[in-house]
Amino acid sequence: REHTVVLAAPDDDPANRLGVTDGPPGVDVRLVSVPAQRDSTPARVRRRLLWLKDAPCASRRLRRAFGADDGLWGLVEQADVVELHFNYSLAFLEQVRRVAPRTSVVAVIYEAFSASLASRRRHGPPLRRTEAAILLPRARSRERRLLNKMSAIRVLADRDRDALRSLGVSRPIQVIPPWVDPVPAVQVSPDETVLFVGALWRWENAHGVEWLLREVWPTVRRQRPAAR
C-alpha cells in the first residue's frame, strides 16, 4: 500500500523541497505551500504582543493563510494522522479537532517552549530576561493545556520529555533523537581555525558564541596564539 504524506510548509525553504523529492520508497510526499513566519522587526514585535495573550501561537499572517485554505483543511479531514511541528503550530490543534475529531493528532516538539523561556529568563540578555519572566506563567499554562489534548507527543531529547513531565503533561511522550548521517573521515587542516555552525538568529546560539568568546577564547589564545 502506498502512503501519502502532505507537508504544509513554506516552499521557499530548500529543506522542505528536498523532503518532497527525497522521500522514502512507497511514500508519495506532497508539498502544500504556506507562508513562512516573517522575521522582520515589526513581525517580531507583533508576534511578541500576541504572545502576551496566547504564547506559544502562530503569527496572524500564518493563521489567516491556514484559515483561508479550504483545500488544506480538506486534506486534514481525510488524514489518518496529523503532526503539528514546532511550538507555534499547537495553536491549530482546536481547529484540527473540529475538522477531524477522530483523527490522531501528534505534536512534534523540537524544544519545549516554556523550558526555552525559563532558560532565557536565567541566562538571556537583560531585555530577553524581562520578556521571558512576563511570558512564562501564561506560556506554561497554555502549553500544558494544549499538549494534554494531543494523542501523543514526540520530542528530540530526554531533557524535553522531562521538562514536559515536570510541566504536568500526561500524554504519551516518545523521544526520537535526530538522525545524523555518518561523516567520512576528512583530512584535518593545519590551520588552527574554529568554526561555529548554527542559526545565530536564535538567541541561545548567539549567546553561546558570546560566552565562548568572552569566557573560553582568551584561554585558547594564550595556549595557541595562532588560533582564530
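No hydrogens, no waters, no symmetry mates; every other heavy atom, side chains included, goes into these values. These numbers were taken from a predicted model, which means no experiment stands behind them.
Between Phe113 and Arg140 the shortest side-chain heavy-atom distance does not fall below 4.5 Å. Between Met150 and Leu90 there is a side-chain heavy-atom pair separated by less than 4.5 Å. Residues Leu93 and Val105 have side chains in contact (heavy-atom distance under 4.5 Å, counting atoms from C-beta outward). Residues Ile173 and Val155 meet the side-chain proximity criterion, which asks for heavy atoms closer than 4.5 Å.
Side chain of Ser141 to backbone of Pro137: no donor-acceptor contact under 3.5 angstrom is found.
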Review point. Going through the checks in order, is the side chain to side chain contact (heavy atoms under 4.5 Å, CB included) test met by Phe86 and Ile109?
Key: CA-CA 6 Å; Phe86 301 107; Ile109 303 299; over 6 Å; no

Practice item. Show your reasoning for whether side chain to side chain contact (heavy atoms under 4.5 Å, CB included) applies to Tyr110 and Val108. Key: CA-CA 6 Å; Tyr110 296 85; Val108 181; 4.1 Å; yes

Exercise for review: Before giving the answer on side chain to side chain contact (heavy atoms under 4.5 Å, CB included), spell out for Leu136 and Ile134 the whole-Å C-alpha distance, their side-chain angles and the decisive distance to 0.1 Å.
Suggested key: CA-CA 6 Å; Leu136 190 53; Ile134 294 171; over 6 Å; no

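Residues satisfying the salt bridge (Lys or Arg N to Asp or Glu O under 4.0 Å) test with Asp28, not counting sequence neighbours, are Arg30. With sequence neighbours excluded, the residues satisfying side chain to side chain donor-acceptor pair (under 3.5 Å) with Ser170 are Asn148. Every side chain to side chain contact (heavy atoms under 4.5 Å, CB included) that Ile176 has, sequence neighbours left out, goes to Arg154, Gln174. With sequence neighbours excluded, the residues that form a salt bridge (Lys or Arg N to Asp or Glu O under 4.0 Å) with Glu94 are Arg145, Lys149. The side chain to side chain contact (heavy atoms under 4.5 Å, CB included) test applied to Arg122 returns Ala118, Ser119, not counting sequence neighbours. Scored by the salt bridge (Lys or Arg N to Asp or Glu O under 4.0 Å) test, Asp158 finds Arg161 as partners (sequence neighbours excluded).
For the salt bridge (Lys or Arg N to Asp or Glu O under 4.0 Å) condition, no pair includes a residue of residues 166-179, sequence neighbours left out. Note on residues 217-228: pairs passing salt bridge (Lys or Arg N to Asp or Glu O under 4.0 Å), not counting sequence neighbours, are Glu192-Arg224. Within the structure, salt bridge (Lys or Arg N to Asp or Glu O under 4.0 Å) pairs that include any residue of residues 207-219 do not occur (at least two apart or interchain). Listed by first and then second residue, the salt bridge (Lys or Arg N to Asp or Glu O under 4.0 Å) pairs that reach into residues 107-117 are Glu111-Arg202, sequence neighbours excluded.
Through side-chain heavy atoms spaced under 4.5 Å, either directly or across other Ile, Leu, Val, Met, Phe, Trp or Tyr residues, Val81 is tied to Val106. Val197 belongs to a hydrophobic cluster whose remaining members, ordered by chain and number, are Leu195; membership requires side-chain heavy atoms of ILVMFWY residues under 4.5 Å apart, directly or through intermediates.
Remark: Thr4 OG1 to Asp80 CG distance equals 10.0 Å, nearest 0.5 Å. For the atom pair CG (Leu164) and OG (Ser114), the distance works out to 7.0 Å, reported to the nearest 0.5 Å. Summarising the geometry, atom OG1 belonging to Thr103 is positioned 8.5 Å from atom CZ belonging to Arg97; distances are rounded to the nearest 0.5 Å. Atoms CG and CD, from Leu147 and Glu143 in turn, are 5.5 Å apart once rounded to the nearest 0.5 Å. For the atom pair Leu127 CG and Arg120 CZ, the distance stands at 10.5 Å (nearest 0.5 Å). In this structure, CG in Leu167 is found 12.5 Å from CG in Asp162, a value given to the nearest 0.5 Å.
The shortest non-hydrogen separation linking Ala112 to Asp160 is N-OD1, 3.3 Å. In this structure, Ala132 and Leu117 approach most closely via the heavy-atom pair CB-O, 3.4 Å. Of all heavy-atom pairs between Val76 and Ala100, the closest is O-CB, 3.7 Å. Taking both residues in full, the closest heavy atoms of Pro172 and Ser151 are given as CD-O, 3.8 Å, listed atom of the first, atom of the second, then distance.
The aromatic rings of Trp73 and Phe92 sit tilted, their planes meeting at an angle between 30° and 60°.
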